[in-house]
Peer 1: 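Okay, here's the structure, questions in a sec.
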Amino acid sequence: MKVVYTERHRDHIPGDVVENGLARPSRDVPERMDALLRAVHSLGHDVVGADDHGTSPLAAVHSKGYLEFLATVHRDWQRLGLDGRVVPAAFETRQDAYRNDWSPIAKSGFHLRDQITPIGEGTWAAAYWAAQTALTAASLIKEGEQEAYALCRPSGHHAGPDFGAGATYLNNAAIAARFLARDFGRVAVIDVDVHHGNGTQQVFWDDPDVFFASVHRGPETYYPHFCGYTDETGGPSAPNGILNVSLPAQAGDATFVHGFETCVSAVLEHKPRVLVVSLGFDALLTDPSKGLLVSESAFGTVGQLIGAFNMPVLLVQEGGYDLVNLQDVAERFLRGFCSARMPVCNPTQITPT
């Protein structure tokens, strides 16, 4: 399997963030990618660099104003004489309130949904190249590869059309899915990160070409708080185009795997021609996200279930923050995934009907 990676992710240095009233170091550190690289190298996968596909695929998901904000806000912040990273001090939730003449302080409170998504000097470059990493992997799928893995940092699934959130800025999986839909038509996205992919859901809420399914810790007392409930099922042009499998706090292997199997069944009903996976490892029981109690073995099972899809599969990296065990859980998942991928489909593979 070809794995796409770029060193440009190291340009993003988030530093300390504030969550639930407490300051803490950001969990999105460059060492995450180091652990994942060790995993793919240990299994003999072919690591290739990212190509630049420009901003057009980004603009197919994100608004022009938001992309301009990401590209310029740190510079404008400094021009105001403000030190450090861009972090909102006040928030504006009314969409119709936006003004082009707002200060960078005001724009940050409109385009950033929390205080765990700071923008530093290198954030735009890192986010841009994370999206290009996903697009390069998607291009490999278009060229005939049956599977590819995009090692994206920063992650993307909390980023919506005009906002960043949850330590994400550009929605890598959504950008790749829409890019693939141009050639494949029907696309499905499955999100297995411990957090609900609220940004991805919003992007595809009313899109009949892309089905979105997410298995995650329920939002009642967990990020992203506002969405991820089971009654969120899609807009008028895409009824039942969204599936949320919301799990109770501290759910373990059996519940997690069953929830994922529910997502698999729903995906097959929608008959996609290509699958995009928002791949998070932060449901692991030792992950500092402390959302679910899932073992490495269960991730191996999920890998097998994903690998059994009889269609091209694009893996797009999302969360996973346990630096001690991240390499091991990634290896367990990838072994399961690759064990189910065959040059010629065998009768046990999952096939849309």
Peer 1: Kindly say whether V194 contributes a backbone atom to a donor-acceptor pair with the side chain of D282 at under 3.5 angstrom?
Peer 2: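 Here the side-chain-to-backbone pair exists.
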
Peer 1: Working note: V274 + M311, criterion side-chain contact (heavy atoms from CB on, under 4.5 Å); need CA distance, chi angles, decisive distance, verdict.
Peer 2: CA-CA 6 Å; V274 63; M311 66 186 72; 5.6 Å; no

Peer 1: Keeping the roles fixed (side chain from H225, backbone from Y222), state whether a donor-acceptor pair exists under 3.5 Å.
Peer 2: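 Present.
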
Peer 1: Cluster question for you: counting only ILVMFWY and a side-chain heavy-atom cut-off of under 4.5 Å, with indirect links fine, are Y149 and V192 together?
Peer 2: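 Shared cluster, yes.
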
Peer 1: Passes ring pair (Phe, Tyr, Trp, His ring centres under 6.0 Å), F299 versus F256? Steps please.
Peer 2: CA-CA 9 Å; F299 274 103; F256 183 70; 5.7 Å; yes

Peer 1: Could you grab the distance from atom CD1 of I141 to atom NZ of K2, nearest 0.5 Å is fine?
Peer 2: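 Those atoms lie 10.5 Å apart.
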
Peer 1: Taking ring pair (Phe, Tyr, Trp, His ring centres under 6.0 Å) as the test, write out the residues that go with Y128, two or more places apart.
Peer 2: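 Testing Y128 for ring pair (Phe, Tyr, Trp, His ring centres under 6.0 Å), a comparison that skips the adjacent residues, returns W124.
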
Peer 1: How are the rings of H53 and F179 set to each other: parallel, tilted or perpendicular (split at 30° and 60°)?
Peer 2: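 Because their plane-to-plane angle is over 60°, the rings of H53 and F179 count as perpendicular.
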
Peer 1: Is there a path of hydrophobic side-chain contacts, each under 4.5 Å between heavy atoms of I/L/V/M/F/W/Y residues, joining Y5 to V277?
Peer 2: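 V277 clusters together with Y5.
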
Peer 1: Which pair of heavy atoms, one from P208 and one from S237, lies closest together, and at what distance?
Peer 2: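 Answer, listing the atom of P208 first, then S237: CB-O, 3.6 Å.
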
Peer 1: Shared ILVMFWY cluster between L284 and M33, side chains joined below 4.5 angstrom?
Peer 2: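 In one cluster: yes.
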
Peer 1: To the nearest 0.5 Å, what is the distance between CG (L140) and CE (M1)?
Peer 2: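 Spacing of CG (L140) from CE (M1) equals 11.5 Å.
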
Peer 1: More than 12 heavy atoms of other residues, nucleotides or ligands under 6.0 Å from NZ of K64: is that the case?
Peer 2: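 Result for NZ/K64: open.
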
Peer 1: Take R24 and I116, measure what side-chain contact (heavy atoms from CB on, under 4.5 Å) needs, and give me the verdict at the end.
Peer 2: CA-CA 9 Å; R24 62 165 175 82; I116 62 174; 4.2 Å; yes

Peer 1: What closest approach, in Å, do D206 and P236 show between heavy atoms, and which atom pair accounts for it?
Peer 2: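 Closest approach of D206 to P236: OD1-N, 3.1 Å.
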
Peer 1: Indicate, with yes or no, if V189 and V215 share a hydrophobic cluster defined by side-chain heavy-atom contacts under 4.5 Å among Ile, Leu, Val, Met, Phe, Trp and Tyr.
Peer 2: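 As far as the 4.5 Å side-chain criterion goes, V189 and V215 are not connected within one cluster.
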
Peer 1: Mind checking side-chain hydrogen bond (donor to acceptor under 3.5 Å, both in side chains) for S295 and listing every partner two or more places apart, or none if nothing turns up?
Peer 2: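 Checked S295 against side-chain hydrogen bond (donor to acceptor under 3.5 Å, both in side chains); matches are D253.
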
Peer 1: Is any side-chain heavy atom of F211 less than 4.5 Å from a side-chain heavy atom of L243?
Peer 2: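 Sidechains of L243 and F211: in contact.
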
Peer 1: Quick check: does any side chain N or O of D51 sit under 3.5 Å from a backbone N or O of T136, one acting as donor and the other as acceptor?
Peer 2: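 Judged by distance alone, no pair lies under 3.5 Å.
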
Peer 1: At what distance, to the nearest 0.5 angstrom, does NZ of K271 lie from CZ of R186?
Peer 2: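 Going from the NZ atom of K271 to the CZ atom of R186 covers 10.0 Å.
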
Peer 1: Quick one: does Q317's side chain have a donor or acceptor within less than 3.5 Å of a partner on S155's backbone?
Peer 2: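 No; zero donor-acceptor contacts below 3.5 Å.
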
Peer 1: For the residue pair A137 and A148, what are the closest heavy atoms and their distance?
Peer 2: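 Result for this residue pair: O-CB, 3.8 Å.
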
Peer 1: Which heavy atom in V257 sits nearest to a heavy atom in A298, and how many Å separate them?
Peer 2: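 Nearest heavy atoms, V257 then A298: CG2-CB, 4.1 Å.
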
Peer 1: Other than L293, what residues sit in its cluster of Ile, Leu, Val, Met, Phe, Trp and Tyr side chains whose heavy atoms are under 4.5 Å apart, directly or through others?
Peer 2: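 Reading the cluster by chain and number, L293 sits alongside L285.
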
Peer 1: Can you name the residues that form a ring pair (Phe, Tyr, Trp, His ring centres under 6.0 Å) with H157, not counting sequence neighbours?
Peer 2: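 Partners of H157 by the ring pair (Phe, Tyr, Trp, His ring centres under 6.0 Å) criterion come out as none, since no residue qualifies.
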
Peer 1: Does any pair with a residue in residues 168-181 pass side-chain hydrogen bond (donor to acceptor under 3.5 Å, both in side chains), and if so which ones, sequence neighbours excluded?
Peer 2: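 Matches after skipping sequence neighbours: N171-T200, R178-D207.
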
Peer 1: Would you say I119 and F69 make side-chain contact, with heavy atoms under 4.5 Å?
Peer 2: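 Answer yes - side chains close enough.
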
Peer 1: Applying side-chain contact (heavy atoms from CB on, under 4.5 Å) to L151 and L37, what does each step give before you reach the verdict?
Peer 2: CA-CA 8 Å; L151 286 182; L37 269 180; 3.9 Å; yes

Peer 1: Output a table of donor-acceptor pairs, distance under 3.5 Å, between side-chain atoms of residues 40-48 and any protein atom two or more places apart or on a different chain; print 'none' if there are none.
Peer 2:
{"residue": "S42", "atom": "OG", "partner": "R38", "partner atom": "O", "Å": "3.3"}
{"residue": "S42", "atom": "OG", "partner": "A39", "partner atom": "O", "Å": "2.7"}
{"residue": "S42", "atom": "OG", "partner": "E331", "partner atom": "OE2", "Å": "2.7"}

Peer 1: Answer whether the closest heavy-atom distance between the side chains of V324 and T286 falls below 4.5 Å.
Peer 2: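 No. Closest side-chain heavy atoms not under 4.5 Å.
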
Peer 1: Does the structure place the NZ or CZ of R273 under 6.0 Å from the centre of the six-membered ring of F184, at an angle of no more than 45° from the ring's axis?
Peer 2: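 Here R273 fails the 6.0 Å and 45° test against F184.
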
Peer 1: State whether R182 and D209 are salt-bridged, where the test is any N-O pair (Lys NZ or Arg NE/NH1/NH2 against Asp/Glu carboxylate O) under 4.0 Å.
Peer 2: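 No, R182 and D209 are not salt-bridged.
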
Peer 1: Compare all side-chain heavy atoms of V276 with those of V210 and state whether any distance is below 4.5 angstrom.
Peer 2: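 Result no, sub-4.5 Å side-chain heavy-atom pair not found.
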
Peer 1: Do side-chain atoms of S246 reach the backbone of Y229 as a donor and acceptor pair under 3.5 angstrom?
Peer 2: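 Here the side-chain-to-backbone pair does not exist.
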
Peer 1: What pair of heavy atoms forms the shortest contact from Y321 to S289, and how long is it?
Peer 2: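 Scanning both residues, the minimum pair turns out to be CD1-OG, 3.7 Å.
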
Peer 1: Counting neighbours of CG on D83 that are heavy atoms of other residues, nucleotides or ligands and sit closer than 6.0 Å, is the number greater than 12?
Peer 2: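 12 or below, so no.
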
Peer 1: So, Y98 versus F110, ring centres under 6.0 angstrom or not?
Peer 2: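 That pair passes the under 6.0 Å test.
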
Peer 1: I'd like to know whether L36 forms a side-chain contact (heavy atoms from CB on, under 4.5 Å) with R153, so could you lay out the CA-CA distance, the side-chain angles of the two residues, the decisive distance to 0.1 Å, and finally the verdict.
Peer 2: CA-CA 11 Å; L36 294 170; R153 177 183 176 268; over 6 Å; no

Peer 1: Say whether, by atom type as modelled, one donor and one acceptor occur between the side chain of S26 and the main chain of D28 under 3.5 angstrom.
Peer 2: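 Flag set: sc S26 to bb D28 pair under 3.5 Å.
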
Peer 1: Evaluate whether atom CD of E92 has more than 12 neighbouring non-hydrogen atoms of other residues, nucleotides or ligands under 6.0 angstrom away.
Peer 2: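 Enclosed: over 12 neighbouring heavy atoms sit under 6.0 Å from CD of E92.
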
Peer 1: Does any part of the side chain of Q115, heavy atoms only, come nearer than 4.5 Å to the side chain of F91, both counted from C-beta?
Peer 2: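 They are in side-chain contact.
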
Peer 1: Nearest 0.5 angstrom please: H111 NE2 to L70 CG, how far?
Peer 2: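 Taking NE2 in H111 and CG in L70, the distance rounds to 8.0 Å.
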
Peer 1: Check whether F260 and I242 end up in the same hydrophobic cluster, where Ile, Leu, Val, Met, Phe, Trp and Tyr are linked by side-chain heavy atoms less than 4.5 Å apart.
Peer 2: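 No, because F260 and I242 fall into different hydrophobic clusters, even though each may have its own neighbours under 4.5 Å.
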
Peer 1: Measure the spacing between CH2 of W205 and OG1 of T233 and express it to the nearest 0.5 Å.
Peer 2: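 Here the rounded value is 5.5 Å.
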
Peer 1: Once you measure the plane-to-plane angle for H195 and Y223, does it fall in the parallel (<30°), tilted (30-60°) or perpendicular (>60°) bin?
Peer 2: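 Ring orientation, 0 to 90° scale: perpendicular.
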
Peer 1: Does the side chain of D193 reach to within under 4.5 Å of the side chain of S278, using non-hydrogen atoms?
Peer 2: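 No; the side chains remain at least 4.5 Å from each other.
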
Peer 1: Between D322 and P288, which heavy-atom pair has the shortest distance, and what is it?
Peer 2: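 What the structure gives for the nearest pair is N-CD, 3.9 Å.
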
Peer 1: May I ask you to decide if F309's main-chain N or O and R341's side chain share a donor-acceptor pair within less than 3.5 Å?
Peer 2: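 Yes; judged by distance alone, with no hydrogens or angles, the pair exists.
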
Peer 1: Check whether any side-chain heavy atom of L67 lies under 4.5 Å from a side-chain heavy atom of L170, and answer yes or no.
Peer 2: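 They are in contact (side-chain heavy atoms under 4.5 Å apart), so the answer is yes.
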
Peer 1: May I ask you to decide if W129's main-chain N or O and R8's side chain share a donor-acceptor pair within less than 3.5 Å?
Peer 2: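 Looks like no, no N/O pair under 3.5 Å.
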
Peer 1: T55 side chain to L58 main-chain N or O, any donor-acceptor pair under 3.5 Å?
Peer 2: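 Side chain of T55 to backbone of L58: no pair is present.
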
Peer 1: Donor-acceptor pair, E232 side chain versus G228 backbone, under 3.5 Å?
Peer 2: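 Yes: the side chain of E232 pairs with the backbone of G228.
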
Peer 1: Atom CD of E31 and atom CG of L326: how far apart are they, to the nearest 0.5 Å?
Peer 2: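 Here the rounded value is 11.5 Å.
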
Peer 1: Does any part of the side chain of R85, heavy atoms only, come nearer than 4.5 Å to the side chain of I13, both counted from C-beta?
Peer 2: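 Sidechains of R85 and I13: no contact.
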
Peer 1: Could you walk me through whether Q201 and N244 pass the side chain to side chain donor-acceptor pair (under 3.5 Å) check?
Peer 2: CA-CA 10 Å; Q201 174 171 291; N244 286 310; 2.9 Å; yes

